[in-house]
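Everything numeric in this text was worked out from a predicted model, so none of it was measured. The analysis underlying the following values was restricted to heavy atoms, covering all of them including side chains, and did not include hydrogens, waters or symmetry mates. For reference, positions follow the sequence shown, starting with 1.
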Amino acid sequence: MTPKSPDIVRTALYAGSFNPFTTGHLSILRRGLELFDRVVVVIGINESKPGGRQSADGLADRLREKLQAGDRVEVMTWDGLTVDAAEKVGARWLLRGVRSVADYEYERNLADINRAISGLDTVILFAEPELSMVSSSMVRELTRYGRDVADFVV
């Protein structure tokens, strides 16, 4: 194996709706930064949901402020295919996290199609056991019923 050239930056793309960005997402991002020189967090825009682009842009602004990771983390929004966002930012890998077997099956199918259409490999990190129950949908549900979710969100 040849040593890495200082001119080569290993960039991964970490995409999702991140609605909201949870402590589980943060864990995957931090661990991804141990593997890659740069991680681009891409917030998918869903125009069919209320707030669509405006909601995604607001989340991106909040994450940029909270993450403050210098040039190693970039946050952007995107309304197209993840592989196209990866090409735009020069990412050679997709970073994903899984909490369960069901997540794994979904992510494996996604990884296969992304590799088939773009050649990009997906790196999957398993959730830390203490965070495996944290999901955006669970946090939204708790919020809907007035529960404190401060321990689960960034």
>> With rounding to the nearest 0.5 angstrom, report the OG1 to CG distance, Thr82 to Asn114.
In response: 6.5 Å
>> Quick check against the 3.5 Å criterion: does Glu105 have a side-chain atom that pairs as donor or acceptor with the backbone of Ala102?
In response: no
> Does any non-hydrogen side-chain atom of Val75 lie less than 4.5 Å from one of Leu67?
Replying inline: yes
>> For a quick test of reading the model, state the closest non-hydrogen atom pair linking Leu120 to Ala91 and the distance between them.
In response: CD2-O, 3.4 Å
>> Treating Asp103 as the side-chain partner and Arg99 as the backbone partner, does any N or O pair qualify as donor plus acceptor under 3.5 Å?
In response: yes
>> Please find the pair of heavy atoms, one from Arg72 and one from Asp37, that lie closest to each other, and give the distance.
In response: NE-O, 2.9 Å
> Any chain of hydrophobic side-chain contacts (each under 4.5 Å) joining Leu63 to Tyr14?
Replying inline: yes
> Considering only heavy atoms from C-beta outward, does the side chain of Trp93 approach that of Arg10 to under 4.5 Å?
Replying inline: yes
> Do any N or O atoms from the side chain of Ser136 and from the backbone of Pro20 form a donor-acceptor pair under 3.5 angstrom?
Replying inline: yes
> Do the rings of His25 and Phe21 sit parallel, tilted or perpendicular, given the 30° and 60° boundaries?
Replying inline: tilted
>> Looking at every non-hydrogen atom in both residues, tell me the closest pair between Ile28 and Gly97 and how far apart they are.
In response: CD1-CA, 3.9 Å
> Can you tell me if CE on Met138 sees more than 12 non-hydrogen neighbours from other groups inside 6.0 Å?
Replying inline: no
> With a 4.5 Å limit on heavy-atom distance, are the side chains of Phe152 and Thr22 in contact?
Replying inline: no
> Would you find a donor on one side and an acceptor on the other, under 3.5 Å apart, between the side chain of Ser27 and the backbone of Thr23?
Replying inline: no
> Can you name the one residue among Val89, Ile43, Val42 that meets side chain to side chain contact (heavy atoms under 4.5 Å, CB included) with Trp78?
Replying inline: Val42
>> If hydrophobic clusters are built from ILVMFWY residues whose side chains come within less than 4.5 Å, do Val134 and Val149 share one?
In response: yes
> What distance separates Arg31 CZ from Phe36 CZ, expressed to the nearest 0.5 Å?
Replying inline: 12.0 Å
>> The test is side-chain contact (heavy atoms from CB on, under 4.5 Å); show your working for Arg64 and Glu74 and say whether it passes.
In response: CA-CA 7 Å; Arg64 283 184 200 104; Glu74 179 182 336; over 6 Å; no
>> Could you measure the distance from the CG atom of Asp57 to the CD1 atom of Ile45? Nearest 0.5 Å is fine.
In response: 6.0 Å
> Any link between Leu59 and Val139 through a network of hydrophobic side chains (Ile, Leu, Val, Met, Phe, Trp, Tyr) touching at under 4.5 Å?
Replying inline: no
>> As a quick check of understanding, evaluate side-chain contact (heavy atoms from CB on, under 4.5 Å) for Leu110 and Thr122, giving each step before the final call.
In response: CA-CA 9 Å; Leu110 199 57; Thr122 299; over 6 Å; no
> Given side chains that start at C-beta, do those of Arg53 and Asp79 come closer than 4.5 Å, heavy atoms only?
Replying inline: yes
> Say you draw a straight line from CZ of Phe18 to OG1 of Thr77; how long is it, rounded to the nearest 0.5 Å?
Replying inline: 12.5 Å
> Is any side-chain heavy atom of Leu95 less than 4.5 Å from a side-chain heavy atom of Leu13?
Replying inline: no
>> Just verifying a value: how many Å separate Ser100 OG and Tyr106 OH, rounded to the nearest 0.5 Å?
In response: 12.5 Å
> Hey, are the side chains of Arg108 and Asp112 touching, using non-hydrogen atoms and a 4.5 Å cut-off?
Replying inline: yes
> Short question: side chain of Arg96, backbone of Ala15 - any donor-acceptor pair under 3.5 Å?
Replying inline: yes
> Just wondering, more than 12 heavy atoms not from Glu130 lying within 6.0 Å of its CD?
Replying inline: yes
>> I need the Asp61 CG to Glu65 CD distance, nearest 0.5 Å.
In response: 9.0 Å
> Taking side chain as C-beta onward, heavy atoms only, is Val123 less than 4.5 Å from Leu94?
Replying inline: no
> Do Leu142 and Val153 share a hydrophobic cluster (ILVMFWY, side-chain heavy atoms under 4.5 Å, transitive)?
Replying inline: yes
> Can you tell me if Arg38 uses its side chain to pair, donor with acceptor, with the backbone of Ala12 under 3.5 Å?
Replying inline: no
>> Please say yes or no: joined through hydrophobic side-chain contacts below 4.5 Å, possibly via intermediate residues, are Leu35 and Ile124 part of one cluster?
In response: no
> Of all heavy-atom pairs between Glu107 and Val98, which one has the smallest distance, and what is that distance?
Replying inline: CG-CG1, 3.5 Å
>> If you count heavy atoms of other groups shown closer than 6.0 angstrom to CD of Glu141, is the number above 12?
In response: yes
